[in-house]
Amino acid sequence: IDSNIASNTDTASFDVEGSQPPEVDQTQLVDYKQHRQLQASVDPSTCIVLHPGSRNLRLGRPSDSQPYTMLHAIVRRLKNTNSTSSKRSDPFVVPLAKMSSDKLQEVEDCRIKVSSILQSCLMSDGSRRFATPLKQMAIHNRRVTPVIDEASLPCPHLVYPTAECVVGDEVLNIAPDAPYHTHFPWQRGNLNLQSGLSSSITAVMADLEAIWIYAIEHKLNIPQKEFKNYRCCVVIPALYCRDRVVHITRLLLDTLGFAACFVFQ
């Protein structure tokens with residue numbers, strides 16, 4: 001727009017005497033000035049970047065050197081613990097398989113077969129592989145004293161929360177027998193709409209709302225009432241579903257109340 005105005009002004013100076021210069025569209029000038037003022041008024045500290053993943057959620061400001069990372073999961077209390085349909089579902093808890101004597105013998109036979117196969121294979125340097133006898137390993141284990149790493153962090157104690165839902169890394173500290181259902185709303189770059197509990201689009205969007213509000217408030221120290229003064233950018237994979245992106249955009253603008261949002265592929 002500036003170049004057009006300059007060219008029109010230069011052309012008008014060479015017109016014959018008495019002719020009027022062409023009028024400049026004032027509407028374009030006003031729109032251009034407002035656009036420049038809007039660009040100049042955007043503060044990078046008022047922008048939030050969200051990168052949801054299957055296991056972790058990364059978030060931060062564009063000026064941050066490294067993003068904050070937290071577990072992208074939520075647990076909700078089961079309403080009816082006596083019902084078989086309300087059985088707890090937790091991807092982190094390894095199911096306990098009941099092993100009979102025949103199954104144990106089958107596992108032991110497989111272990112012996114794997115051990116014999118490894119003995120017949122050569123190592124990377126071309127030398128033969130020698131298997132250590134079981135009795136020798138048992139004697140060595142009895143002689144070795146355990147070493148305690150004082151620099152390592154202690155294992156947190158399992159807790160039985162009383163809240164209706166728990167978000168983020170605190171999910172890992174919940175006892176396996178606690179009446180809670182664990183759900184990851186994001187899976188393989190898309191919304192987790194698998195069959196089971198919390199699998200509907202409404203439930204998944206409610207889980208994303210709770211997780212993202214908690215992450216922004218606790219990691220970035222931004223209260224929810226101040227979201228209207230911030231702009232949000234969400235990173236999505238190259239292959240995405242247009243309908244799911246529409247739901248995410250509505251979540252950011254209508255539910256969370258951000259001033260603006262941008263979806264980055």
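Y230 and C47 get closest at one heavy-atom pair: CD2-N, 4.3 Å. Across all non-hydrogen atoms, the minimal contact from C232 to L50 is SG-CD1, 3.6 Å. Heavy-atom minimum distance, N56 versus H72: C-CB, 3.7 Å. The two residues L57 and P52 have their closest heavy-atom pair at CD1-CA, 3.7 Å. Across every non-hydrogen atom of F184 and A73, the tightest pair is CE2-CB, 3.4 Å.
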Only distances under 3.5 Å count here; give the side-chain donor-acceptor pairs of residues 102-113 to other protein atoms, sequence neighbours excluded, each with its distance to 0.1 Å.
{"unit_1": "Q105", "atom_1": "NE2", "unit_2": "D109", "atom_2": "OD1", "d": "3.1"}
{"unit_1": "E108", "atom_1": "OE1", "unit_2": "R111", "atom_2": "NE", "d": "3.4"}
{"unit_1": "E108", "atom_1": "OE2", "unit_2": "R111", "atom_2": "NE", "d": "3.2"}
{"unit_1": "E108", "atom_1": "OE2", "unit_2": "R111", "atom_2": "NH2", "d": "2.6"}

Acceptor/donor pairs from residues 156-168 side chains to any protein atom, 3.5 angstrom cut, sequence neighbours excluded:
{"unit_1": "Y160", "atom_1": "OH", "unit_2": "D177", "atom_2": "OD1", "d": "2.8"}
{"unit_1": "Y160", "atom_1": "OH", "unit_2": "D177", "atom_2": "OD2", "d": "3.2"}

In residues 242-263, what donor-acceptor pairs under 3.5 Å come from side-chain atoms, sequence neighbours left out?
{"unit_1": "R244", "atom_1": "NH1", "unit_2": "N190", "atom_2": "OD1", "d": "3.3"}
{"unit_1": "T249", "atom_1": "OG1", "unit_2": "V245", "atom_2": "O", "d": "2.9"}

Review item, side-chain donor-acceptor pairs of residues 58-65, under 3.5 Å, at least two apart:
{"unit_1": "R61", "atom_1": "NE", "unit_2": "S45", "atom_2": "O", "d": "3.3"}
{"unit_1": "R61", "atom_1": "NH2", "unit_2": "L220", "atom_2": "O", "d": "3.3"}
{"unit_1": "D64", "atom_1": "OD2", "unit_2": "R61", "atom_2": "N", "d": "2.8"}

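Judged by distance alone, with hydrogens and angles left aside, the side-chain atoms of H140 form no donor-acceptor pair with the main-chain N or O of Q136 at under 3.5 Å. Looking at H181, its side chain never comes within 3.5 Å of a backbone N or O of V75 through a donor-acceptor pair.
The hydrophobic cluster of I117 has no other members, since no ILVMFWY side-chain heavy atom comes under 4.5 Å of it.
When the side-chain contact (heavy atoms from CB on, under 4.5 Å) test is applied to Q187, the partners found at least two apart in sequence or on another chain are N192, Q194.
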